[in-house]
Trainee: 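Below you'll find the structure I mean.
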Amino acid sequence: MAIFRFKALETQFSRTPVKVNFPKELPSEYFGENVFEKTKMQKHLSKEIYERITEAIDKGGRIDRKIADQVAVGMKAWAIERGATHYTHWFHPLTDSTAEKHDAFLEILPNGDKFENFDGEKLVQQEPDASSLPSGGIRNTFEARGYTAWDPSSPAFIVEKTLCIPTIFISYTGEALDYKTPLIRSLTALDKIATETCQLFDKDVKKVIATLGWEQEYFLIDEALYKARPDLMLTDRTLMGHASAKDQQLEDHYFGAIPDRVASYMRDFEIEAFKLGIPVKTRHNEVAPNQFECAPIFEEANLAVDHNLLVMDVMRRTARKHKFRVLFHEKPFKGVNGSAKHNNWSLATNTGVNLLKPGNKPKTNMQFIAFLVNTVKAVHENADLLRASIVSAGNEYRLGANEAPPSIISVFLGGHLSNILNDIEKRVSEKPMTPDEKTALKLDIGKIPEILLDNTDRNRTSPFAFTGNRFEFRAVGSSGNCAAPMIALNTAVAKQLKTFNKEVEELSQSGVKKDEAILQIVRNYIIDSKAVIFEGNGYSKEWEEEAERRNLTNIKDVTESLKHYKAEKYINLFKEMNVLSPREMEARYEVRIEKYKKTLQIESRVLADLALNHIVPTAIKYQSSLIENVKGLKELFSPEEFKELASARLVLIKEISQLISMIKLKVEEMRKERKKANNFENCEERVAAYAHNVKPYFEEIRYPIDKLERIVEDELWPLPKYREMLFAH
Ligand code: ADP
Ligand code: MG
C-alpha cells in the first residue's frame, strides 16, 4: 500500500545537491544582462530615439508609433543577439500569476523569403485571445477581445529564448482586466498629489514615486514527497497530516545554517534573478522548518511588482531543476508558521529624499511628520479596503490565526515616534503659537533623527508597522500579486494627501501662516487617527477586545471582507482618484469571490477523494490485520487469557471503525452541502454557502484522519508525513 510513500522517501534521502555550473563572474558583471535597460538601449537605438524613450519612461509620457517602430528594431536586434527566437507580451491577469503567448520572430513571405520580423505595432499592442482569463463579466465571450499594451516604464527582458514585453491588459472597451493598469493609475495619482504636498516644503520636488521592497517567504519540499501528496499537487497545501513531534518549538530553524541543497538552489535562482535585473539581496531560513525568505533591494513599485512575479516564476522553474517544489501558499502546513509577502512601502522624491525617513533639518522633518501622519490616517480610514485587498482562501489561515498579523488593521509606530506625535498634539493648538513656542517645537522636531536612530523597535505582531524609514504591510499573503495591496494603499494615501493639501490651502488663505496651518492640521489628524495606533501584542485576546472598544473592525471572514469592494465609500474613492471605475471594481469583486469559491470547491473535492480512496482503505487494511491477530490469539489462548490479552486490540479495532464511520459520514454530508451550494443561482449566495456550510467540514474530516495517522502502522500509511516533508532537504 505505502510503496509510493517509501519510494518517495528513499529518493529523497539519497538526494545530493544538483550539479550546477555557477558562473565564474561576479554578479555585478552579469547583473541585468537579460534586460533591455538603458545601457542596451543606448547601444541599439539612435541618440534621438534613446532620448525620447528615456524621457517617456522617466516622465511617463506617450510614445508615438514612429518611435515605437524604431525601439522595436533595436529591441529585436538585441534580443536576437542574445539568442531569442520568440517574443511575448507579458501581463498580469486577475489570476494572480502572469500570462504570456509566445510568437516567433520568424516570418515567411508567400514567395518563400524568410526573415525575423518585429515592429512597433507588435511591440505596442497585441490582441491575445484571452477569453479564458477572468474578467468578472466585463468581457462577453462573444467579443472576447482584450488588448495588451506596452508599459515602457518596466523594461523588456529575456527568459529562456523569449523576449518578454511587460504590458497592461485591457478590454475592448478600455476597462482594466489586470493588476498593472490600476497600479500605474494609482502611482500616477499619488505622484501628482504627493508632489503638491512636497511643494509645501520644497519647491524643487517635481516627482514622487512609491517604493516597494517585498519579502517573499516560501517553503521548499522535495519533489518525490510532493508528488506523493495529491493535496499538495492540486491545492498547494496539505489538507491532512498529523503534527510532527518536533517542528518549530525549539526555534532552531530561523536564521539557522542553510542546508547545502537549499543553498545551492538559492544561489541558482538568484543568478537567474540577477541576470533579469532583480536585485535580490537577502536570503535566510524562516521560522518553520523548510521555510525560507528572499528579499530584494527596494525599487519603484511598478517595477518591484513585476520583479516579484518574475522571481516567483524563476523560483518555480529553478526548484524543478533541483528536484524541489516551492510552495507559495500562505499555509501549506497546519500548526507551523505560514508564509507572508511583507510589503515595505515608502515614497521617494526626484530630489532623492525618502519621505518617510526623518531628515536632519526641522523643515524636512516637518515634511516627514506630515507624510507619516497622513499615511496613518489613510490606513485608519481605509482599513477595510486594505484588508479586502489581501484576503484570500490561503491568507485566511494566517490572518487572525494567532501567528500572523490579526485581521484587525492597526499601525505600529514605536514608542519614540508615538511620543513625538503626543508631544505635537499637546503643544499645538488652534490659537497662534508664540515665536518662542514655535522655535522650541521646531527644534524638537529637528531632533527626531537622533531619537529614532537605532531606536526603531520592532513589532512582529503588527499588520502595518513603521520600521524607521518605511511602513511594512506585514499582513500580505505570500502567494498573491502584491499590486493589489499597493493599489489600495497608494490610492488611499493619495486621497488623504489631497484632503491635506486642500485643508492647508484653505487655512492659509484664512490668514494662518503656512507652517502653522500644517502643524494644526497634522495635530487634528493625530487626534483623529489615535484609535488605529497600537504598540502592544497584536495576537492577544485583550487587543481584540480593546480594538472593539476603539471601533476598529475585525473581519476574519473572506466573503465579509471582500464585500467592501462593493461599498460606496470605496467605489467613490477609486472613481475620484481615477484608479478603477465602478464597473471595474464590481468585476474585481466578482473575480475575487469566484476564485475564493473555486478554491474551496477544489479543496473539498480533493479532501473527499483522499479520505475515501486513500485513508479509509488503509485504515480498513490495518484493522483487518488486527482482526486476524485477535482471531489467532483466540485460537491459542484460554478464554480468560484471551480476554486479558486482546482487550486493548479490541478497543483499537472499535476505535478504527468509529473513525472510519466518522470520515464516511462527514464526507457524505460535505458532498450534500456542496451540491446545495452549487444550486444557488446567485453567485454571492453560492460563495457564502461554500464558506459557511462546506468549509467547516475540512476540519471535521481532517480530525479523524489525523487520528488514524497516529494509530495505523507506519508502513501502511499512504501519504508522506509532516515529519518527513518538513525535515527533508
Ligand atoms: P526585515 O526582515 O527586518 O523586515 P529585510 O531586510 O528582510 O528586513 O527586508 C527589508 C525590506 O525593506 C527590503 O526589501 C528592503 O529593500 C526594503 N526597504 C528598505 N527601505 C525601503 C524603502 N525606502 N522603501 C521600500 N522598501 C524599503
Ligand atoms: Mg520584514
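Quantities reported herein were computed from a predicted structural model and do not represent experimental measurements. Start at 1 and go down the list; that is how both ligands and their atoms are numbered. What's counted below: heavy atoms across the whole structure, side chains too, no hydrogens, waters or symmetry copies.
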Trainee: N/O to N/O below 3.5 Å, does that happen between P296 and ligand 1?
Mentor: yes

Trainee: Where does E293 meet ligand 1, judged by heavy-atom distances below 4.0 Å: at the side chain, the backbone, both, or neither?
Mentor: side chain

Trainee: Mind checking what makes salt bridge (charged side-chain N to carboxylate O under 4.0 Å, His left out) contact with R283, not counting sequence neighbours?
Mentor: E270

Trainee: With heavy atoms of S346 as the reference, note each atom of ligand 1 found under 4.0 Å away.
Mentor: 22 (C), 23 (N), 24 (N)

Trainee: Got a sec, which residues hit ring pair (Phe, Tyr, Trp, His ring centres under 6.0 Å) with W90, two or more places apart in sequence or on another chain?
Mentor: H92, F157

Trainee: Please determine if R470 forms a cation-pi arrangement with F298, meaning its NZ or CZ atom is less than 6.0 Å from the six-membered ring centre and no more than 45° off the ring axis.
Mentor: no

Trainee: What do we get for I297 next to ligand 1 when only non-hydrogen atoms under 4.0 Å count, side chain, backbone, both or neither?
Mentor: backbone

Trainee: With a 6.0 Å cut-off on the ring centroids, do F269 and Y265 count as close?
Mentor: yes

Trainee: I'd like to check whether N344 has a polar contact with ligand 1, where a contact means an N/O of the residue lying under 3.5 Å from an N/O of the ligand.
Mentor: yes

Trainee: Looking only at non-hydrogen atoms, which of E472, E299, R470 approaches atom 10 (C) of ligand 1 most closely?
Mentor: R470

Trainee: Fit a plane to each ring of Y722 and F333, take the angle between them on a 0 to 90° scale, and name the class: parallel (under 30°), tilted (30 to 60°) or perpendicular (over 60°).
Mentor: perpendicular

Trainee: Has ligand 1 got any nitrogen or oxygen that is less than 3.5 angstrom from a nitrogen or oxygen of T211?
Mentor: yes

Trainee: May I ask you to list the atoms of ligand 1 that are less than 4.0 angstrom from any heavy atom of N354?
Mentor: 23 (N)

Trainee: Would you kindly check if the NZ (Lys) or CZ (Arg) of R588 is within the cone defined by 45 degrees around the ring axis of Y565 and under 6.0 Å from the six-membered ring centre?
Mentor: no

